[in-house]
Amino acid sequence: MTEIPQTQKTLLCHQEGTSYVVEERPVPRPAPDEVLVKIMACALNPIDYGIVNPLYSKALITSWPYVPGGDGAGVVVQVGQEVTSLKEGDRVVFKGHIQTSERSATCQQYAVVPADLTALIPAHISFEEAATIPMGLTTDVLVLYNQSPAPENLSLRLTPIWEPEGTTVYAGTPAFIVGGASPLGQYAIQLAKLAGHDPIITTASPHNAALLRSLGATHVLDRALPNASILAELPHLTAGKPILYAFVAVPAVPDACRLARDALAPGGALATVMPSPAYVPADVADPGDGKRVGYVLGNLRLPHTRDIAVAVFKQLTRWLEKGLLKPNPVEVLPNGLKGIPEGLERMKAGKVSGKKLVARPQETV
């Protein structure tokens with residue numbers, strides 16, 4: 001039986017607008033339907049630096065101190081009494097939960113997670129690679145495929161790719177993904193490929209073009225081009241076929257949202273990774289021409305999101321084993337959790353492109 005310490009090193013923020021620090025905190029214990037994971041790798045996301053500031057903290061953080069981290073991978077070291085699907089020693093990937101951050105966030109050495117919201121990591125995938133997956137993939141899946149009838153569900157309700165018709169209903173139709181080199185964009189490209197879209201056109205810096213083609217993009221347009229130039233090129237790339245699906249992976253950039261909107265044919269569907277219409281320009285939220293816009297709040301544990309969260313984690317191991325889904329490229333940060341604040345500053349300054357920054361919590365001294 002694995003020896004579990006009483007305390008662990010944790011990255012946390014004590015109050016709104018202050019810096020992250022590393023402190024000793026208690027190691028949580030799993031509920032009957034949970035497992036305790038020794039976290040070997042955690043990946044960083046823009047929300048990790050944004051959430052502790054007033055624009056987001058007042059809406060998303062319910063108590064302080066706050067522990068960041070939505071992407072994690074590690075080893076199961078304790079199993080709740082009702083769990084039969086996992087055992088001690090299993091290598092798993094999972095998404096952290098900000099509403100219970102001290103128990104479930106990933107920028108710490110241990111966290112608990114519901115067993116059905118994990119996936120086994122195949123042997124050829126490292127902890128660091130696996131840790132790049134959960135937030136990007138599940139956010140994309142929620143905005144595209146969530147079928148819940150709840151009014152809170154603002155997804156596009158497209159046919160999920162794991163259902164029989166999910167790989168045929170969109171086959172041969174164009175997809176346009178704005179911001180393809182971002183972690184969200186990389187998974188959007190791969191989901192479009194699994195759905196059978198063709199061509200798959202994306203925007204990115206030229207130095208990321210080879211990476212995006214390896215994921216399934218058929219054409220990579222320079223993101224530095226004016227919107228008008230990109231829009232003029234699209235009909236040639238689609239051979240005149242209308243674009244009925246677009247995904248904007250960088251929705252904090254208003255021009256990116258407008259580019260995706262304008263690329264769509266009347267009646268098309270635009271996916272954003274913002275939580276509601278209030279977070280995108282008004283002329284994108286109300287695009288006209290029968291176009292519809294999807295939104296997402298990436299919480300997997302709400303009544304209207306849990307079913308699809310369980311569904312995607314059931315698929316994840318198979319996708320990885322068969323090479324149908326590839327993790328983001330990785331850069332490992334030094335000094336464990338203590339290296340995260342500098343990594344977040346690099347992300348905030350726009351100095352990270354085409355990869356995810358990953359820390360190893362167990363290396364914290």
Side-chain angles (χ1 to χ4, degrees), residues 93 116-117 119-122 124-125 130 132-149 153 155-180 183-202 211-220 234 237-249 260 263-265 267-273 292-294 296 298 300 305-328:
V93 58
D116 59 357
L117 294 180
L120 293 172
I121 304 171
H124 71 284
I125 301 290
T132 72
I133 297 170
M135 182 168 283
L137 178 64
T138 59
T139 299
D140 288 5
V141 164
L142 284 176
V143 73
L144 296 176
Y145 304 131
N146 191 359
Q147 304 296 310
S148 169
N153 176 24
S155 90
L156 293 177
R157 293 184 172 87
L158 303 181
T159 304
I161 53 175
W162 53 87
E163 293 184 1
E165 63 273 25
T167 57
T168 58
V169 67
Y170 309 113
T173 64
F176 182 49
I177 296 161
V178 180
L184 291 160
Q186 291 182 39
Y187 291 118
I189 289 169
Q190 295 182 79
L191 292 173
K193 182 179 179 181
L194 287 170
H197 286 287
D198 185 51
I200 299 171
I201 306 164
T202 191
L211 166 66
L212 303 186
R213 290 192 182 97
S214 75
L215 300 178
T218 57
H219 304 84
V220 182
L234 293 178
L237 302 181
T238 66
K241 290 189 288 187
I243 295 175
L244 293 173
Y245 163 60
F247 188 108
V248 57
L264 280 178
L270 169 59
T272 79
V273 289
R292 57 196 183 97
V293 183
V296 61
L300 305 186
T305 62
R306 204 175 196 290
D307 286 349
I308 192 166
V310 171
V312 73
F313 276 103
K314 283 182 178 179
Q315 302 296 324
L316 181 51
T317 302
R318 179 179 66 86
W319 288 344
L320 293 172
E321 286 175 341
K322 293 182 176 294
L324 299 174
L325 190 81
K326 299 177 183 178
N328 299 145

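- Considering only heavy atoms from C-beta on, Leu144 comes within 4.5 Å of Phe247 through its side chain.
- Under a 3.5 Å cut-off, the side chain of Thr218 and the backbone N or O of Arg213 do not form any donor-acceptor pair.
- Annotation: side chain to side chain donor-acceptor pair (under 3.5 Å) contacts of Gln315 (sequence neighbours excluded): Arg318.
- With contacts defined as side-chain heavy-atom distances shorter than 4.5 Å, the pair Leu215/Lys193 does not qualify.
- Partners of Phe313 according to the ring pair (Phe, Tyr, Trp, His ring centres under 6.0 Å) rule, which considers only residues two or more places apart in sequence or in another chain, do not exist here.
- Ring pair Trp162/Tyr145 is perpendicular by interplanar angle, where above 60° counts as perpendicular and below 30° as parallel.
- Between Thr138 and Ile308, the closest side-chain pair of non-hydrogen atoms is not below 4.5 Å.
- For Thr132, the side chain to side chain donor-acceptor pair (under 3.5 Å) partners are Tyr187, not counting sequence neighbours.
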For this session: Could you go through the side chain to side chain contact (heavy atoms under 4.5 Å, CB included) check for Gln147 and Asp307 one step at a time?
Result: CA-CA 9 Å; Gln147 304 296 310; Asp307 286 349; over 6 Å; no
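- Thr238 is linked by a side chain to side chain donor-acceptor pair (under 3.5 Å) to nothing, counting only residues two or more places apart in sequence or in another chain.
- Side-chain contact check for Ser155 versus Val296: every heavy-atom pair is 4.5 Å or farther apart.
- Checked against side chain to side chain donor-acceptor pair (under 3.5 Å), Asp140 has no partners two or more places apart in sequence or in another chain.
- Remark: Arg306 engages Asp116 in a salt bridge (Lys or Arg N to Asp or Glu O under 4.0 Å) (not counting sequence neighbours).
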